[in-house]
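What follows is one structure encoded as structure tokens, with my remarks underneath.
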Amino acid sequence: MLKITNLCARFEEKEILKGLNLNIKPGEIHVLLGPNGSGKSTLGRVILGDDKYEVTDGSIVFKGENLEALDPAQRAQKGFFLSFQSPPEIDGVSVRSFLFAAKKSIDPDFTSSFKFKKGLKSTFESLRLPEDFTERETNLGFSGGERKKMEVASLLALDPDLAFLDEIDSGVDIDTIRSIGRAIGNFMTPEKAIILVTHSDKLLQEITPTHVHIFMDGKIIKSGGKEMTAEIQTKGFDSYKPQREGLRVIK
Ligand code: ADP
Ligand code: MG
């Protein structure tokens, strides 16, 4: 489904992705674990085609097609979804209108607003969001947990083939993590795939990854199965890189 080969990308003069390889087949759930600032969110942006980042080498092939010439809207139409780490507020646009417009733009055949409203209602119920939430302005005044649920609701509404979920569980309470985990489980089928970036093992108790990767300094340095999450919990990321000097107080 996705084949990334030797991907190198930079933001202005800063090299962020430094030769990344990743292969994903339908039915797989890949977890990226790595320290802050290692380039995980940048990877999501680059797969989406955010033009703030310049791809300097390598290729991204999605469903057999090199994405190079496609803009972000075309990549979304092809079935790629990226959740926002910090979802933007959209004044004056209700959640329902926003999601319906997004749905129609990736699937022009989808025109039934009645069917959409019905689907959204059950999605919101499963995420334990009140029904009138659909009429609120998108992300405006939403709590941290509500924003994350809104991202999950977008995932379920748009129903992509490959979802890159960037810290979709950060800063939310344990019950919310459980409902997010269950919703992602409902989304997943043998035809779909997920890339999950997370810092907490709580979501990983809800979702069992097929692959776990350690992401450091712009590339994947080690890959394994779900047993690797326990290894990282005990060893930490530092053990995978050359030792650095400890923190010192600045005098
Ligand atoms: P992660 O998601 O692993 O924490 P990021 O991909 O967000 O890491 O960032 C990797 C590095 O690239 C960081 O040093 C970050 O500051 C820098 N970076 C990424 N995107 C931008 C941007 N739009 N503007 C400035 N710096 C950026
Ligand atoms: Mg990030």
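When a ligand or atom number is given, it counts from 1 through the structure's own listing order. None of the values given here were measured: they were computed from a predicted structure.
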- Message: Under 6.0 Å from the ring centre and within 45 degrees of the ring axis: does the NZ or CZ of K104 meet both conditions for the six-membered ring of F110?
- Response: no
- Item | ligand 1 to K40 polar contact by distance, N or O atoms, under 3.5 Å | yes
- Query: Charged N to carboxylate O under 4.0 angstrom, D169 versus K202?
  - Reply: no
- Message: Could you identify the single nearest non-hydrogen protein atom to atom 7 (O) of ligand 1 and state the distance to 0.1 Å?
- Response: S41 CB, 3.7 Å
- Protein contact of atom 12 (O) of ligand 1 - nearest heavy atom, named by residue and atom, plus distance: I16 CD1, 3.2 Å
- Are D159 and K103 ion-paired here, with the side-chain N under 4.0 Å from a carboxylate O? no
- Item | For atom 8 (O) of ligand 1, closest protein heavy-atom neighbour | G39 N, 3.2 Å
- Query: What part of K14, side chain from CB on, backbone N/CA/C/O, both or neither, has a heavy atom under 4.0 Å from ligand 1?
  - Reply: side chain
- Item | Between D166 and S83: side-chain donor-acceptor atoms closer than 3.5 Å | no
- Looking at the Mg ion (ligand 2), is one of the N, O or S atoms of N36 less than 2.8 Å from it? no
- Message: Angle at the Mg ion (ligand 2), OG of S41 to OE1 of Q85, rounded to 10 degrees, please.
- Response: 70°
- Query: Please walk me through it: do L140 and I90 pass side chain to side chain contact (heavy atoms under 4.5 Å, CB included)?
  - Reply: CA-CA 7 Å; L140 213 70; I90 312 173; over 6 Å; no
- Cationic N near anionic O, under 4.0 Å, R147 to E89: yes
- Note on the structure: Filtering D217, T42, L17 for the heavy atom nearest atom 6 (O) of ligand 1 leaves T42
- Residue, atom name and distance, where the atom is the protein heavy atom closest to atom 21 (C) of ligand 1: Y53 OH, 3.6 Å
- For atom 11 (C) of ligand 1, which of G37, G44, S38 has the closest heavy atom? G37
- Task: For ligand 1, indicate whether the residue F215 contacts it via side chain, backbone, both or neither (heavy-atom separation under 4.0 Å).
- Result: neither
- Query: Is NZ or CZ of K222 both nearer than 6.0 Å to the six-membered ring centre of Y240 and within 45° of the ring axis?
  - Reply: no
- Item | N36: numbered ligand 1 atoms lying under 4.0 Å from its heavy atoms | 4 (O)
- Taking every heavy atom of L127 against every heavy atom of K149, the minimum-distance pair comes out as O-NZ, 3.0 Å
- What is the nearest protein non-hydrogen atom to atom 26 (N) of ligand 1, stated with its residue, atom name and distance? F11 CD2, 3.8 Å
- Message: Any heavy-atom pair between the side chains of E28 and H30 that's under 4.5 Å?
- Response: yes
